[in-house]
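Data first, discussion second: the structure below is written as structure tokens.
Everything quoted here is computed from the prediction, not taken from an experiment.
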2 protein chains.
Amino acid sequence: MAVRTKRPAGERTRAAILHEAVSLATVEGLEGLSIGTLASALDMSKSGLYAHFGSKEALQLATVDEAGRVFEAEVIDPALAAPPGVDQLVAVCEAFFEHLERRRFPGGCFFAGAVLEMGARPGPVNERIVAFQSSFIALVRQFVARAQELGEVAEDEDPDQLTFELNGIILAANMTFILHQDPRSLDLARQVVRRRLGVTEAGASGADVGREVFAGQG
Amino acid sequence: MAVRTKRPAGERTRAAILHEAVSLATVEGLEGLSIGTLASALDMSKSGLYAHFGSKEALQLATVDEAGRVFEAEVIDPALAAPPGVDQLVAVCEAFFEHLERRRFPGGCFFAGAVLEMGARPGPVNERIVAFQSSFIALVRQFVARAQELGEVAEDEDPDQLTFELNGIILAANMTFILHQDPRSLDLARQVVRRRLGVTEAGASGADVGREVFAGQG
DNA sequence: CCTACCGATCGGTAGG
DNA sequence: CCTACCGATCGGTAGG
């Protein structure tokens, strides 16, 4: 199919490894993810897989980066595409809920699990996870500040408090979804977001499509 | 010291093992917790420790139970001792924040981590974790319902939504504390709780003592 | 509660 | 990307 470039097979293999690694890590954890298990899941030899990374830590770092790319594509990009204001706050939450609902990873949100797993394990892997998570919170805070500038969030609200609450809603949605394995758990999360942000009807955002509505806003 | 009863030394040893096991599990995870590591942390032989439980799964179950006892003593009991109403909702959150601040476990809240670690690993250990977590949420929901009966939570609030939000605040506090390792992170969580519940001054609850205040309520 | 051991798997290496 | 291997550690057992 593709024209031969430098090492297309190797890159495809690497991508396939990381795709599997991120999924496996949401079940086994980043420490529990073993090179042998990962190799046999891909019908490869252990050392063949190992050669792509050179150490377990390098595999873990590459896995975190791959999870970051998935999160950007499925959660951050749709939120960035939404119009600034309260709609954007709804959009970032909604994109996260759909990321869960899609069951992209068997163990729920990669980063929610990774922060807790590696929180007491200092080192490069922990630092990379913390950096990504912190940048996501910072982005949500920007969305909140912009919404407040637009007058769609009350002036007496503290942006840090609202950001904290939205992060809490996201984490509670992830935990509830994992606990009950039921897509309806997310309906409650959606109601909480809309009530907290003063959005009256269901489909407040037209940015993150794939659901329906445009009920009472357009 | 103590009069010889049936097997006091064995029970003391078992208690010491579980105390260490819960702490270690918040760092290494319940799967990463190995019998060898646990034994050497206690200066015991591996098989000596193993004899107390008979299988790794039994050790994991006993560890979850021990973590449940700690959570009951440090979070649930203080909340039950608080007066019903909004004070009790503040008390349960405050008890959790102090549980974190006390750094009882190096990896933060045991159950927050355990739910995410074991969420995609069906089995008896997962079931025990889910049962405990669900019972805690159910208890918070009872507190919310009681506060609403007392007229301290608005009639148009949905108890499930408020319970979900309080759980989110707790989870966000845990994550933030782990991310920044800074007790001041919890100040923001405290502000969020009080603003969300319409409590104006800092020390709304006299039940969970050890902090101070009684500013504008008594 | 111990020493001594089992087969399996771990991360990693040699050499191709 | 492979086979074949390394020492260390895993959960678990025998026997005391």
Using whole Å, what does the distance between atom [atom2] of nucleotide [N] and atom [atom1] of [X] come to?
X: B:Glu57; N: D:dG11; atom1: CD; atom2: P; value: 13 Å
X: A:Lys56; N: C:dT9; atom1: NZ; atom2: C1'; value: 12 Å
X: A:Lys46; N: C:dA8; atom1: NZ; atom2: C1'; value: 11 Å
X: A:Leu59; N: C:dG12; atom1: CG; atom2: C1'; value: 13 Å
X: A:Met44; N: D:dT3; atom1: CE; atom2: C1'; value: 14 Å

_Pairing residues for B:Phe53 by the ring pair (Phe, Tyr, Trp, His ring centres under 6.0 Å) criterion, not counting sequence neighbours_ =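 B:Phe53 satisfies ring pair (Phe, Tyr, Trp, His ring centres under 6.0 Å) with no residue once adjacent residues are dropped.
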*Excluding sequence neighbours, so at least two apart, what forms ring pair (Phe, Tyr, Trp, His ring centres under 6.0 Å) with A:Phe105?*
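Applying ring pair (Phe, Tyr, Trp, His ring centres under 6.0 Å) to A:Phe105 gives A:His99.
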*Identify whether any heavy atom of B:Ser47 sits under 4.0 Å from a base atom; if not, whether one sits that close to sugar-phosphate; answer base, sugar-phosphate or nothing.*
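Base contact.
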*Contact residues, residues 23-42 of chain B to DNA chain C [heavy atom, < 4.0 Å]*: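 Of all residues in residues 23-42 of chain B, none places a heavy atom under 4.0 Å from DNA chain C.
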*Would you write out the dot-bracket form of DNA chain D, 5' to 3', with Watson-Crick and G-U pairs under 3.5 Å, [ ] for crossing pairs, | for pairs to other strands and . for unpaired bases?*
||||||||||||||||
_I need the full list of side-chain hydrogen bond (donor to acceptor under 3.5 Å, both in side chains) pairs touching residues 15-28 of chain B, with sequence neighbours left out, sorted by first then second residue._
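Residue pairs passing side-chain hydrogen bond (donor to acceptor under 3.5 Å, both in side chains), neighbours aside: A:Arg121-B:Glu28.
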*Taking only residues at least two apart or on different chains, which pairs with a member in residues 160-174 of chain B satisfy side-chain hydrogen bond (donor to acceptor under 3.5 Å, both in side chains)?*
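Only A:Gln191-B:Gln161, B:Arg141-B:Asp160, B:Glu165-B:Arg196 qualify under side-chain hydrogen bond (donor to acceptor under 3.5 Å, both in side chains).
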*asked:* Applying ring pair (Phe, Tyr, Trp, His ring centres under 6.0 Å) as the test, list every pair that has at least one member in residues 159-185 of chain A; sequence neighbours left out.
replied: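 For residues 159-185 of chain A: none.
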_C:dG11 OP1/OP2 closer than 4.0 Å to side-chain N/O of A:Tyr50_ =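 Answer no for this pair, as no side-chain N or O of A:Tyr50 is under 4.0 Å from OP1 or OP2.
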*B:Phe132 vs B:Phe111 aromatic rings, parallel, tilted or perpendicular, using cut-offs 30° and 60°?*
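Plane angle under 30°, so parallel.
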*Tell me the salt bridge (charged side-chain N to carboxylate O under 4.0 Å, His left out) pairs involving residues 124-137 of chain A, sequence neighbours left out?*
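Checked against salt bridge (charged side-chain N to carboxylate O under 4.0 Å, His left out) - neighbours excluded - the pairs reaching residues 124-137 of chain A are A:Asp65-A:Arg128.
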*Taking only residues two or more places apart in sequence or in another chain, which ones pass side chain to side chain contact (heavy atoms under 4.5 Å, CB included) with B:Tyr50?*
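Expected list: B:Ile35, B:Ser55.
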